[in-house]
Amino acid sequence: MRNLSADVVFPISSPPINNGVVTVDDDGTIVSIVERSTFNSDELEIFEGIICPGFINAHCHLELSYMKGKIPEKKGIAQFIIDLIDYRNGFLLSGKERNHMEEIDTAIRNALHEMQQNGIVGIGDISNDECTFSHKAKSDVCFHTFIECLGFFPAKADQYFQHSLSVFEKARALELDASITPHAPYSVPPELFERIFSFSQNHPPLFSYHSQESEAESRFFKNASGDFKKVFEHFKLPLSIFIPTGKNSLQSVIDFFPADKKILFVHNTAADATDIALISEQLPEAYFCFCPNANLYIENQLPQFSLFSNHSDRICIGTDSYASNHQLCILEEIKTIQQQHPSITTQQLLQWATLNGARFFDWDQQFGSLEPGKKPGLNLITQTTTSFQLTNKSITEKLI
């Protein structure tokens, strides 16, 4: 039995407790959360800072960990896509395949270890192949694997889906929770959306979707203009396979999404109030995920966080991948948000980083909040202000 105390404890599901104590048993299960005054000092492990639950990383691409530092920053999403695919293809085509797999395996192992050390207990991870599956199967971290389905040619929709289905079956053979999910509006034609959303064997039926990552995406949907043409030209894709809608990317595809399913809209960098209202009205089970440091890495732009103020119980946090970030740390993501918008409280940010993600993935019986009987992990956040605002120097330490 351990009694861990800090300047403030954020249970998340209830108000913060100044000088709180979290008592846990030997396997990390919470026994109680009370004020320090009920203990003698020699019974306590006392820390300066904040104690909160373990973090949920709602959006990650663990399979891209070998790309750390390889993709140029702040070039925009179209150039990012080109650089990422070119690097991946060049990497896989050079040298011996065995050496590639060893390097990829090592990068995945290191990235997963880093996330655990940074207090992440659950991950929503994107997969296009099975290279992460053996790591997930033996990890203490809780995973949901989103099998990303994409392809540009409408006539090949079934071929694209069959590839994703084969990856899905490999995940399920290892008893990994997994679902086949659409990638992004520009890479999923209507025929493929229909194929994905008619599939009924997802376990559980969760979806993740790269949404409104840039203004260029919406310009392309409105009139096939702007930077996204570079992607088609670079990969010699005929522009005729894309039909502009005269509407932005979200408005062009939202009718494909089932209203009764949980869908995580990731990035939302270019979303406006009308878009957010449309998602809320048509998709009552939808959640939003912010990956601010990836947005800065790719577009040097952040979402308008204030527009989401009425949806604070549906916001999650992700790190994206090492192709688009310098670290895989949820605390660094919420620090970026609070530094840009100091009015967003630490309590709100910690809810986004813990309980909301746990609820989206249906992990909230164990994770997301400090409550007796749960085993959510405990993180210590230090170097905050006296009012417990996060600072540039704030760091996180995994206590349990």
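Hydrogens, waters and symmetry mates are skipped; everything else that's a heavy atom, side chains included, is used.
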Taking only residues two or more places apart in sequence, or in another chain, which ones meet [X] in a side-chain hydrogen bond (donor to acceptor under 3.5 Å, both in side chains)?
{"X": "S309", "answer": "none"}
{"X": "S369", "answer": "E371, K374"}
{"X": "T245", "answer": "S252"}
{"X": "T391", "answer": "S394"}

Take atom [atom1] of [X] as the centre, draw a 6.0 Å sphere, and report whether it contains more than 12 heavy atoms from other residues, nucleotides or ligands.
{"X": "N223", "atom1": "CG", "answer": "yes"}
{"X": "K75", "atom1": "NZ", "answer": "no"}
{"X": "Q304", "atom1": "CD", "answer": "no"}

Item checked: Check: T29 main-chain N/O paired with D25 side-chain donor or acceptor under 3.5 Å -> yes

Indicate every side-chain donor-acceptor pair of residues 37-51 with a distance under 3.5 Å to a residue at least two apart or in another chain.
{"from": "T38", "atom 1": "OG1", "to": "E35", "atom 2": "O", "distance (Å)": "2.9"}
{"from": "E43", "atom 1": "OE1", "to": "N40", "atom 2": "N", "distance (Å)": "2.7"}
{"from": "E45", "atom 1": "OE1", "to": "R2", "atom 2": "NH2", "distance (Å)": "2.8"}
{"from": "E45", "atom 1": "OE2", "to": "R2", "atom 2": "NE", "distance (Å)": "2.8"}

Sorted by chain and residue number, the ring-ring contact (aromatic ring centres under 6.0 Å, His included) partners of H203 (sequence neighbours excluded) come out as none

Applying ring-ring contact (aromatic ring centres under 6.0 Å, His included) to F388 and not counting sequence neighbours gives none

So the side-chain hydrogen bond (donor to acceptor under 3.5 Å, both in side chains) pairs with at least one residue in residues 109-118 (sequence neighbours excluded) are E114-Y322

Quick note, side-chain hydrogen bond (donor to acceptor under 3.5 Å, both in side chains) partners involving residues 149-159, not counting sequence neighbours, are D158-R195

Applying salt bridge (Lys or Arg N to Asp or Glu O under 4.0 Å), can you list everything that pairs with [X], at least two apart in sequence or on another chain?
{"X": "D125", "answer": "K136"}
{"X": "E130", "answer": "K170"}
{"X": "E215", "answer": "none"}

